[in-house]
Number of protein chains: 2
Amino acid sequence: MDIRTLCLGILALGDATGYEIKKMVAEGSFSFFSEASYGSIYPALTKLTTEGLIECRQESQSNRPDKKIYSLTEAGRAALEDSLAKDPRPDKNRSEFLASLLFAEAVAPERINSLVQDRITSHKRQIDALKLMRAEEDSPVGQFVLDYGIQVQQAAYDFLIANKGRIVTKL
Amino acid sequence: MDIRTLCLGILALGDATGYEIKKMVAEGSFSFFSEASYGSIYPALTKLTTEGLIECRQESQSNRPDKKIYSLTEAGRAALEDSLAKDPRPDKNRSEFLASLLFAEAVAPERINSLVQDRITSHKRQIDALKLMRAEEDSPVGQFVLDYGIQVQQAAYDFLIANKGRIVTKL
DNA sequence: AATTACATGTAATCCGTTACATGATTGA
DNA sequence: TCAATCATGTAACGGATTACATGTAATT
């Protein structure tokens, strides 16, 4: 998913500023499956505006930069529809954890223990965070996406609890 | 995980050529959680060699470029250990599918049906592929990593089967 | 007193993919 | 006969992060 489609899609769900878009992909329900920084969001928003796919109204604020609230235009909606008509590309699951496990076995087997233990903790944290978001999510599809994430994380967590004995050092 | 550590780690598991490393990350057990192209692998291998972290012996072949078989040096092993001592960064799970679901609801709800159906098919394919690899994997940690992947994919699959009714259009 | 949140934006830099270049062998 | 496999490597290009630049207000 390129940054342009991401912005278009988020704006299809409601008007937003660049700052808010960044917050959504960094902390909100989107954080589970996407990411983006100011350095890519702001330029994308500017370009999409000149292309007429989104438009922006400015809100003056005292002692702060004007708030630029973007909204999707009809052309933008059409462009988004085109993007969504294409088949989504397969997920990318980059995991330093899994790579570390394999490599650690070769060079530092005693490290595997703490790797797995930390991972169990981090899955637990992720599950809790997702459940919190789930409780505050209103849209059925939003809930569905969050539930999908929770199930996946839970499966990983359960697997590690049940199978860590297969690789951790016996005491 | 940067490309350097990836190469170092793979070479820690056994000597390999650039071609073989590429095959591992594109098709082998590594494909589940990493990726890299020739354009990044070959230059990385060259650089690691000049730095003394790996070394290469050349094998002549008739009518083919010499096979360059790389192996980890002591310095390389130490560098890898240093990398692995650091906590692995959180996984990156980029999913166009999940984003498409959310956005499709806003602009083309009738698309959700086929999106989910295709996804179910692709999870099934992934699970089968992982199970094949699992059957051929010898190392316990390798099996563990593959089993982890299978469990996660299976959970996603099961979730979609059980919950698609929540978002697909009723006929 | 210090950090976080708010709010926008640019420039340097890094990193990696895609496409190109070359060419024989094997299997369908 | 056509595609895939084997085998290495470079150059152009694109995309995104990081760091920089600026400044107030609220919270801890």
Side-chain angles (χ1 to χ4, degrees), chain A residues 1-8 10-11 15-28 30-31 33-51 54-70 83 89-90 92-94 96 99, chain B residues 1-8 10-11 15-28 30-31 33-51 54-70 83 89-90 92-94 96 99:
Chain A
M1 170 108 8
D2 56 41
I3 185 79
R4 292 164 54 85
T5 308
L6 189 64
C7 291
L8 252 21
I10 288 177
L11 293 176
D15 295 355
T17 66
Y19 187 80
E20 285 164 349
I21 291 175
K22 159 72 173 167
K23 250 179 59 180
M24 293 174 86
V25 297
E27 304 160 28
F30 290 84
S31 60
F33 57 82
S34 64
E35 202 172 358
S37 62
Y38 289 129
S40 58
I41 292 170
Y42 282 121
L45 256 14
T46 306
K47 187 129 186 284
L48 289 168
T49 304
T50 66
E51 290 170 356
I54 62 179
E55 55 191 17
C56 123
R57 61 176 193 284
Q58 227 129 328
E59 232 170 58
S60 312
Q61 303 189 112
S62 48
N63 302 323
R64 286 224 180 124
D66 284 3
K67 201 186 271 199
K68 290 176 145 185
I69 302 161
Y70 292 93
S83 284
R89 276 168 302 186
K92 285 185 183 175
N93 302 111
R94 299 301 183 75
E96 277 194 16
Chain B
M1 170 105 10
D2 56 40
I3 186 81
R4 293 164 53 86
T5 308
L6 190 64
C7 290
L8 252 21
I10 289 176
L11 293 177
D15 295 356
T17 66
Y19 186 81
E20 286 164 348
I21 291 176
K22 158 75 173 165
K23 250 179 58 180
M24 294 175 88
V25 296
E27 305 160 28
F30 290 85
S31 60
F33 58 81
S34 64
E35 203 173 355
S37 62
Y38 289 130
S40 58
I41 292 170
Y42 282 122
L45 255 15
T46 306
K47 186 129 188 283
L48 288 169
T49 305
T50 65
E51 290 170 355
I54 62 180
E55 55 191 16
C56 122
R57 61 175 192 283
Q58 226 129 329
E59 232 170 57
S60 312
Q61 304 188 111
S62 48
N63 302 322
R64 285 223 181 125
D66 285 3
K67 200 185 274 200
K68 289 174 144 188
I69 302 160
Y70 292 94
S83 286
R89 276 168 302 187
K92 284 186 184 174
N93 301 111
R94 298 302 181 75
E96 277 193 18

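Each chain gets a letter, A, B and so on, in the order the sequences are listed, and its residues count up from 1.
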Q: Measure the distance from NZ on A/Lys47 to P on C/dT10 and round it to the nearest whole Å.
A: 14 Å

Pull out every protein N or O sitting under 3.5 Å from an N or O of nucleotides 8-12 of chain D, one pair per line with the distance.
residue: D/dT8; atom: OP1; partner: B/Lys68; partner atom: N; Å: 3.0
residue: D/dT8; atom: OP2; partner: B/Tyr19; partner atom: N; Å: 2.9
residue: D/dT8; atom: OP2; partner: B/Tyr42; partner atom: OH; Å: 3.0
residue: D/dT8; atom: O5'; partner: B/Tyr42; partner atom: OH; Å: 3.4
residue: D/dG9; atom: OP1; partner: B/Lys68; partner atom: NZ; Å: 2.2

Q.
Under the rule for side-chain contact (heavy atoms from CB on, under 4.5 Å), what residues qualify as partners of A/Thr17, not counting sequence neighbours?
A. A/Tyr19, A/Glu20, A/Lys67, A/Ile69

Atom pairs and distances, donor-acceptor, side-chain atoms in residues 54-61 of chain B, under 3.5 Å, two or more places apart:
residue: B/Arg57; atom: NH1; partner: B/Asp15; partner atom: OD2; Å: 3.3
residue: B/Gln61; atom: NE2; partner: B/Pro65; partner atom: O; Å: 3.2

(Q) Need the bend value for the helix from C/dA1-D/dT28 to C/dA28-D/dT1: angle between end axes, 5 pairs each end, nearest 10°. (A) 60°

Q: Give A/Lys22 one of three labels, base, sugar-phosphate or nothing, depending on what nucleic acid heavy atoms sit under 4.0 Å from its own.
A: nothing

Q | B/Arg64: salt bridge (Lys or Arg N to Asp or Glu O under 4.0 Å) partners, not counting sequence neighbours | A | none

(Q) Give me the atom names and distance for the closest heavy-atom approach of A/Gly18 to A/Leu45. (A) CA-CD2, 3.6 Å

**Q.** Value in whole Å for how far the C1' atom of D/dC6 lies from NZ of B/Lys23
**A.** 9 Å

**Q.** Length of the CZ-P vector between B/Arg4 and C/dC14, whole Å
**A.** 13 Å

Q | Sequence neighbours excluded, every pair satisfying salt bridge (charged side-chain N to carboxylate O under 4.0 Å, His left out) that has a member inside residues 36-51 of chain A | A | A/Arg4-A/Glu51, A/Lys47-A/Glu51

Q: Give a yes/no answer on whether the side chain of B/Gln61 brings an N or O atom under 4.0 Å of OP1 or OP2 in D/dA7.
A: yes

Q.
Using only atom types and a distance under 3.5 Å, with no angle test, would you say the side chain of A/Ser31 pairs donor to acceptor with the backbone of A/Gly28?
A. yes

Q: Walk me through it: do A/Leu11 and A/Leu48 pass the test side-chain contact (heavy atoms from CB on, under 4.5 Å)?
A: CA-CA 12 Å; A/Leu11 293 176; A/Leu48 289 168; 6.0 Å; no

Check: protein-nucleotides 26-28 of chain C nitrogen or oxygen pairs below 3.5 Å:
none

(Q) From CD of A/Glu35 over to C1' of D/dG15, roughly how many Å is that when rounded to an integer? (A) 14 Å

(Q) With a 4.0 Å limit, can you tell me whether B/Ser37 has a side-chain N or O closer than that to the phosphate oxygens OP1/OP2 of C/dT18? (A) no

Q. Donor-acceptor pair, B/Ser40 side chain versus B/Ala36 backbone, under 3.5 Å?
A. no

Q: Write down the atom of A/Ser34, the atom of B/Arg94, and the distance for their closest heavy-atom approach.
A: CA-CD, 3.9 Å

Q. Could you give the NZ-to-P distance, from A/Lys92 to C/dC15, as a whole number of Å?
A. 17 Å

Q: Mind calculating the distance between CD (B/Glu27) and C1' (D/dC6) to the nearest angstrom?
A: 12 Å

Q.
In this structure, how many angstroms lie between the C1' atom of D/dG15 and the CG atom of A/Leu45, rounded?
A. 17 Å

Q) In whole angstroms, how far is the C1' atom of C/dT17 from the CD1 atom of B/Ile3? A) 11 Å

Q) When you check the phosphate oxygens OP1 and OP2 of C/dT17, does a side-chain N or O of B/Ser40 lie under 4.0 Å from one of them? A) yes

Q. Shortest non-hydrogen contact from B/Ala99 to A/Met1?
A. CB-CE, 3.8 Å

Q. Does A/Ser83 have any side-chain contact (heavy atoms from CB on, under 4.5 Å) partners at least two apart in sequence or in another chain, and if so, which?
A. A/Thr5

Q) Under the ring-ring contact (aromatic ring centres under 6.0 Å, His included) test, which residues partner A/Tyr70, sequence neighbours left out? A) none

